[in-house]
Student: 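Got a structure for you, questions after.
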Amino acid sequence: MTTQALLKQLYDTPETDIIEQIKALKAELGDQVLILGHHYQREEVFAFADVSGDSLKLAQKAAETDAPYIIFCGVHFMAETADILTSDAQTVILPDLAAGCSMADMANDEQVSRCWDELSSVINPDECVTPVTYINSTASLKSFCGEHGGIVCTSGNARRILEWSWGNREKILFFPDQHLGENTAVVMGVPDSQMIVWDPELPLGGNSPEAIENARLILWKGFCSVHQLFKPEHADTMRKNHDGIEILAHPECSREVCETADFVGSTEMIIKHVAEAPAGTSFAIATELNLVNRLRLQFPDKPTWFLSPMVCMCSTMFRTDPQHLCAALSSIKNGEITNQIRVPRQQQRWAKLSLERMLNLG
Ligand code: 13P
Ligand code: SF4
């Protein structure tokens with residue numbers, strides 16, 4: 001049966017039966033399969049994760065596991081990362097191939113190589129620029145960074161990675177999320193006069209040669225379509241309506257939101273912060289809806305709100321549903337693997353180096 005036919009059949013099956021099928025397939029396949037689940041996954045899928053975590057923790061787990069099959073309940077760049085970090089004998093599956101990340105698509109090969117060429121007309125980037133890419137990027141961009149002495153970072157280790165990068169070269173070119181780069185640099189005390197934004201649509205990214213010469217941090221003009229929806233006014237309203245509420249934000253939010261927040265951190269850090277707070281503490285959180293809803297249920301003694309009055313949900317994370325997870329497990333059982341993620345061999349070497357540089361920094 002084709003995957004399409006199987007999925008059609010599964011969508012005609014009551015969800016309770018699908019949950020039972022997933023349990024049975026998981027039990028039958030045992031250690032053959034490791035299911036990794038990002039914190040933004042919907043509850044029905046997240047419940048089946050053998051390991052849950054943020055992008056950093058899941059990359060570390062992928063690098064460690066010897067399971068022959070890894071089902072990545074997350075988005076495309078995460079499965080690519082897992083494929084790069086696992087051996088050729090291991091198979092990485094993304095349950096729904098349409099689960100992409102709009103931010104990762106904001107820095108394509110042509111734009112990146114044009115940027116490097118244009119920088120070369122002003123400075124010698126191979127001597128003075130460390131390219132750093134957020135893990136939310138294509139394998140090809142990770143490969144570019146590896147080849148040019150650069151490195152990958154996540155929202156959980158960005159500060160450490162920027163310190164390493166400035167330790168090597170005087171400037172950093174940070175892809176693709178302007179906000180993570182800017183928010184991290186602000187906390188490190190980097191003045192605005194040393195940061196510029198690179199707009200890939202404009203010549204020299206919209207900067208003068210002097211601005212490029214003077215910059216220590218060149219921020220690619222990319223963003224997360226989910227986190228950009230949070231606004232500082234939302235924090236003002238929460239504070240007005242809830243005495244003593246703590247505002248928590250993911251660093252993909254704008255600088256204005258992060259500056260007003262009481263705590264800024266990756267999804268894993270936000271969870272830890274809430275878990276360790278005394279009972280009775282209340283929170284308004286600026287990150288994806290599924291995680292905020294889970295925290296609310298997990299810690300009923302710590303009243304938790306979603307920061308925005310509008311729903312900010314990652315629609316691509318949401319694509320992975322029990323039907324797709326069930327189909328992925330069935331394909332392993334039947335020996336007819338579908339939705340395997342394979343990073344082209346020519347990108348593997350340098351992309352792996354840029355990821356290993358990050359993982360080696362701990
Ligand atoms: P972290 O997993 O690093 O917290 O990032 C959140 C995110 O947007 C994943 O795409
Ligand atoms: Fe990409 Fe934002 Fe979704 Fe994360 S939340 S996968 S950065 S679109």
Side-chain angles (χ1 to χ4, degrees), residues 36-42 45-46 49 51-62 72-82 94-107 132-139 141-142 152-162 174-181 183-184 220-230 248-254 257-258 261 263-274 285-295 306-308 310-320 341 355 358-359:
L36 299 178
H38 190 270
H39 292 307
Y40 294 164
Q41 289 292 295
R42 58 168 89 193
V45 169
F46 190 80
V51 179
S52 58
D54 63 0
S55 309
L56 178 60
K57 182 171 163 194
L58 296 178
Q60 286 163 337
K61 286 291 161 194
F72 214 124
C73 298
V75 288
H76 193 266
F77 73 81
M78 297 180 178
E80 275 191 336
T81 299
L94 184 66
D96 185 342
L97 290 180
C101 166
S102 52
M103 179 202 283
D105 297 334
M106 286 178 192
V132 178
T133 185
Y134 189 19
I135 198 164
N136 298 31
S137 54
T138 60
L141 179 48
K142 292 182 179 77
V152 175
C153 79
T154 77
S155 60
N157 61 16
R159 182 177 183 144
R160 198 156 61 243
I161 301 299
L162 293 196
F174 191 91
F175 302 101
D177 186 17
Q178 176 189 337
H179 303 299
L180 175 63
N183 288 323
T184 309
W220 194 263
K221 195 180 173 189
F223 58 87
C224 165
S225 46
V226 178
H227 288 89
Q228 69 151 359
L229 296 171
F230 296 101
L248 314 185
H250 193 280
E252 286 174 16
C253 294
S254 69
V257 170
C258 289
F263 177 85
V264 177
S266 74
T267 51
E268 197 73 21
M269 290 155 123
I270 288 174
I271 294 167
K272 188 165 179 279
H273 187 87
V274 174
I285 309 183
T287 196
E288 208 267 352
L289 185 67
N290 282 288
L291 171 56
V292 180
N293 283 341
R294 191 172 308 120
L295 285 170
F306 191 57
L307 185 72
S308 165
M310 293 166 307
V311 169
C312 309
M313 201 181 71
C314 180
S315 56
T316 49
M317 284 277 183
F318 198 66
R319 290 197 74 96
T320 308
I341 299 299
L355 281 161
M358 170 185 83
L359 294 174

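None of the values given here were measured: they were computed from a predicted structure. Atoms within each ligand, like the ligands themselves, are counted from 1 in listed order.
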Student: Can you tell me which residue among Thr267, Asn290, Thr287 is in a side-chain hydrogen bond (donor to acceptor under 3.5 Å, both in side chains) with Tyr40?
Tutor: Thr287
Student: Are any of the N/O atoms on His250, whether in the backbone or the side chain, positioned under 3.5 angstrom from an N/O atom of ligand 1?
Tutor: yes
Student: Does a side chain donor of either Ser102 or Ser225 reach within less than 3.5 Å of an acceptor in the other side chain?
Tutor: yes
Student: Using heavy-atom distances, let me know which of Ser102, Gly222, Ser55 sits nearest atom 8 (S) of ligand 2.
Tutor: Ser102
Student: Would you mind running through ligand 1 and noting each atom that sits below 4.0 Å from a heavy atom of Phe77?
Tutor: 10 (O)
Student: Are Glu252 and ligand 2 in contact, using a heavy-atom cut-off of under 4.0 Å?
Tutor: yes
Student: Against ligand 1, does Thr154 come closer than 4.0 Å with any heavy atom?
Tutor: no
Student: Test your reading of the model: is there a side-chain donor-acceptor pair from Arg294 to the backbone of Gln41, 3.5 Å cut-off?
Tutor: yes
Student: Can you tell me if Met103 contacts ligand 1 (heavy atom of the residue under 4.0 Å from the ligand)?
Tutor: no
Student: Ignoring hydrogens, what is the shortest heavy-atom contact between Ser155 and Leu180? Give both atom names and the distance.
Tutor: CA-CD1, 4.0 Å
Student: Using the ring centroid of each side chain, check whether Phe306 and Phe230 are separated by less than 6.0 Å.
Tutor: yes
Student: Main chain of Ser52, side chain of Lys57: is a donor-acceptor contact present, judged purely on distance under 3.5 Å?
Tutor: yes
Student: Would you say Trp220's side chain and Met106's backbone share a donor-acceptor pair under 3.5 angstrom?
Tutor: yes
Student: Do me a favour and list the nearest non-hydrogen protein atom to atom 10 (O) of ligand 1 with residue, atom name and distance?
Tutor: Asn136 ND2, 3.2 Å
Student: Quick one: does Asp54's side chain have a donor or acceptor within less than 3.5 Å of a partner on Ser266's backbone?
Tutor: no
Student: Any side-chain to backbone donor/acceptor pair from Asp177 onto Glu252? Under 3.5 Å, distance only.
Tutor: no
Student: When you look for heavy atoms under 4.0 Å from ligand 1, do you find them on the side chain of Met78, its backbone, both, or neither?
Tutor: side chain
Student: Show me which atoms of ligand 1 lie under 4.0 Å from any heavy atom of Asp54.
Tutor: 1 (P), 2 (O), 4 (O)
Student: Hey, is atom 2 (Fe) of ligand 2 within less than 2.8 Å of some N/O/S atom on Cys224?
Tutor: yes
Student: Checking a contact table here: which protein heavy atom is nearest atom 3 (Fe) of ligand 2, and how many Å away?
Tutor: Cys314 SG, 2.4 Å
Student: Is Glu252 in polar range of ligand 1, meaning some N or O pair under 3.5 Å apart?
Tutor: yes
Student: With heavy atoms under 4.0 Å as the rule, classify the contact between Glu268 and ligand 1 as side chain, backbone, both or neither.
Tutor: neither
Student: Could you name the option among Cys314, Ser266, Ser155, Ala158 that has the heavy atom nearest to atom 1 (P) of ligand 1?
Tutor: Ser155
Student: Between the main-chain N or O of Ile135 and the side-chain N or O of Lys142, is there a donor-acceptor pair closer than 3.5 Å?
Tutor: yes
Student: Should you measure from each heavy atom of Thr267, which atoms of ligand 1 turn up under 4.0 Å away?
Tutor: 1 (P), 2 (O), 4 (O)
Student: Give the residue, atom name and distance (to 0.1 Å) of the protein heavy atom nearest atom 1 (Fe) of ligand 2.
Tutor: Cys101 SG, 2.4 Å
Student: Can you measure from OH (Tyr134) to CD1 (Ile161) and round to the nearest 0.5 angstrom?
Tutor: 12.5 Å
Student: Using distance alone, decide if ligand 1 has a nitrogen or oxygen within less than 3.5 Å of any nitrogen or oxygen in His38.
Tutor: yes
Student: Among all protein non-hydrogen atoms, which one is nearest to atom 7 (S) of ligand 2, and what is the separation to 0.1 Å?
Tutor: Asn136 ND2, 3.2 Å
